[in-house]
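Please read the structure below before turning to the comments.
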Amino acid sequence: MDEKVRKEILNAYEFRKQWPPYTYREYFDVTPELLNDFTDFLKTENTSKKKKELQPWVTFCDSRCSFCYYPSTMFRGEFVDPYLAALKKELKMYSETKYVKTSEFDEIVLGGGTPTVLSAEQLIDIISFCEKNFNISSDYMIKITGSTHNLDEYKLKKFAEYGVLQLDVGVQTFNDDIRRKLFIQDSGEHAEQIIREARELGLYVCIDLMYNLPGQTMEIWRDDIKKAIELDLEGVDCYPLEVYPGTILEKQLKNGELPPPGDWKTEALMYVEAVEMFTKAGYIPVGHDRFTRVREHIEESCLNGWPWAGILTTGAGCFMGYLGRYSYQNTENVREYLEKVSHGIFPIAKIYKSSDEDMIKKVMERLYLRLPVDKKEFREKFGKLPEEVFPEAIKRLKEKGLIEVDDDAIRITKLGDIWRINIAWEFANAKAVY
Ligand code: SF4
């Protein structure tokens, strides 16, 4: 890379942030008042008319990757039946509310944890329960999150026969040395074989790849991207490594068992490499971290409708729920989850109710999602243009070459794409004049 380009990329900020604003990390512990407020909200009609995602969560996993900070519970056979019964009960509780009855869902996404730790029949049973109890669009998509180490030909065939559109698989890297160090259960070759089988059966496959892993050189990262392109995947989500407190990885790094990951500059340049290689291969950057080559990802209503669409998530540990102004995370503890649901209580552990100002800032977060901020729509909602609400932030970002502003919309530039999370934080921390 040309030194001038490298400097331009790295000079925009002094540090590349890893996580955008308005995530579960900022939610408050639930109180009886907040829970009442939320349940009162569920008694109202949904007037936004944006289609939503329905996301039942299978909390179990049969492994512990060293970097993993997702709330999951070690798989134990005796927990499964009570958990699935509670999951259905929680789904039913939501489905009977006015807000959900007046909402339409065009995606059923089994998240987790690792849903594929369960049998194909158990997963299809959850999907079919959702289909029967919610207003599902005629052109809806079914997606299942999983791991290649617990997927096999039988499960893949059952998913394909049922009409599952996509498997979201956490590959992270195909490099066996790094996979072993991160305690990923199977080999890169096995992951590749499962992906090929799934694609032969007509399933879309979208994988997670991580960059800036300990011991991962730029060459290894390029090999991972090359492999993803060679596999002709429908989508690839590229995440930078985040060393989360309390993970095994944090201990491995402290004890010197693993070399430290690169600094933020290395991380940013690895991202730039991904952008270049994927776009050259015909992929388009969309949403949080995805490179895609399919229409379904580009047109996804839940993504394009941010922040007015919604994700109805259920299950122990689920953390990506947002309905109206409420964002929520469920309790991680399975016993507590079962107990709450058995008493007909929404098992929410943390919740956040967005203020008017938060909603304005969330609209600007569309830039982080690689979406335009439509100025006409913004004025219709808030009575002012974005430049009037955030004069300084917009001026600064424009001068830095991170955003483009024309008469119709605000968009991120190619340089801004590298700094999307910092841009989102600029608006979250700015004073909104409205
Ligand atoms: S397979 Fe997924 S949920 Fe399970 S430990 Fe690894 S990253 Fe975490």
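These numbers were taken from a predicted model, which means no experiment stands behind them. In what follows, residues are counted from 1 in the order of the sequence shown.
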Residues Glu357, Lys361; criterion salt bridge (Lys or Arg N to Asp or Glu O under 4.0 Å); working and verdict: CA-CA 6 Å; Glu357 185 167 344; Lys361 291 177 175 182; 3.0 Å; yes
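- At a threshold of 4.5 Å between non-hydrogen side-chain atoms, the residues Val205 and Leu231 do not count as touching.
- Counting only N and O atoms by type, the side chains of Thr331 and Lys340 include no donor and acceptor under 3.5 Å apart.
- At least one side-chain heavy atom of Trp221 sits under 4.5 Å from a side-chain heavy atom of Leu209.
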Start with the C-alpha gap between Lys143 and Glu300, add the side-chain angles, then the distance that decides, and say whether salt bridge (Lys or Arg N to Asp or Glu O under 4.0 Å) holds. CA-CA 12 Å; Lys143 299 176 185 172; Glu300 214 174 77; 2.9 Å; yes
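- Here the side chains of Ile421 and Gln18 are not in contact, with every heavy-atom distance at 4.5 Å or above.
- Using a 4.5 Å heavy-atom threshold, the side chains of Tyr94 and Phe346 count as touching.
- Taking 4.0 Å as the cut-off between side-chain N and carboxylate O, Arg366 and Asp374 do not count as a salt-bridged pair.
- Lys350 NZ: more than 12 foreign heavy atoms inside a 6.0 Å radius.
- Residue Glu121 holds its CD atom at 9.5 Å from NZ of Lys155, rounded to the nearest 0.5 Å.
- In the model, Ser128 has a side-chain atom that pairs as donor or acceptor with a side-chain atom of Lys132 under 3.5 Å.
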Under the salt bridge (Lys or Arg N to Asp or Glu O under 4.0 Å) rule, what do Asp356 and Lys381 come out as? Steps first, then yes or no, please. CA-CA 11 Å; Asp356 289 347; Lys381 288 236 183 273; over 6 Å; no
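- Checked by atom type, the side-chain pair Asp168/Thr145 shows no donor-acceptor distance below 3.5 Å.
- Salt bridge present: Arg293 and Asp232 bring a charged side-chain N and a carboxylate O closer than 4.0 Å.
- Judged purely by distance below 3.5 Å, without hydrogens or angles, the side chains of Asp358 and Tyr22 pair a donor atom with an acceptor atom.
- In this model, no donor atom of one side chain and acceptor atom of the other lie less than 3.5 Å apart for Glu189 and Gln193.
- With sequence neighbours left out, the salt bridge (charged side-chain N to carboxylate O under 4.0 Å, His left out) criterion links Lys227 to Glu192, Glu230.
- Within 6.0 Å of the CZ atom in Arg379, the count of heavy atoms belonging to other residues, nucleotides or ligands does not exceed 12.
- The only option from Thr247, Val243, Leu182 that meets the side chain to side chain contact (heavy atoms under 4.5 Å, CB included) definition with Phe67 turns out to be Leu182.
- Side-chain contact check for Asp62 and Gln185: no donor-acceptor pair (N or O, by modelled atom type) lies under 3.5 Å.
- There is a side-chain donor-acceptor pair under 3.5 Å between Thr116 and Asn150.
- Checked against a 6.0 Å centroid threshold, the rings of Phe105 and Phe134 count as neighbours.
- Using a 30° and 60° split on the angle between ring planes, Tyr83 and Phe60 fall in the perpendicular class, above 60°.
- You'll find the side chain of Tyr99 stays beyond 4.5 Å of the side chain of Thr39, heavy atoms only.
- Other residues, nucleotides and ligands place no more than 12 heavy atoms under 6.0 Å from the CZ atom of Arg335.
- Note on residues 292-313: pairs passing ring pair (Phe, Tyr, Trp, His ring centres under 6.0 Å), not counting sequence neighbours, are Trp306-Tyr322.
- Among pairs with a residue in residues 255-270, those fulfilling salt bridge (charged side-chain N to carboxylate O under 4.0 Å, His left out) read Arg16-Glu267, at least two apart in sequence or across chains.
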Decide salt bridge (Lys or Arg N to Asp or Glu O under 4.0 Å) for Glu242 and Arg25; before the verdict, give the C-alpha distance in whole Å, the side-chain angles of both, and the deciding distance to 0.1 Å. CA-CA 14 Å; Glu242 189 191 5; Arg25 297 172 199 222; 2.8 Å; yes
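- The six-membered or imidazole ring of Tyr244 lies near that of Tyr69, with a centre-to-centre distance under 6.0 Å.
- Neither side chain, Tyr211 nor Glu273, offers a donor N or O lying under 3.5 Å from an acceptor on the other.
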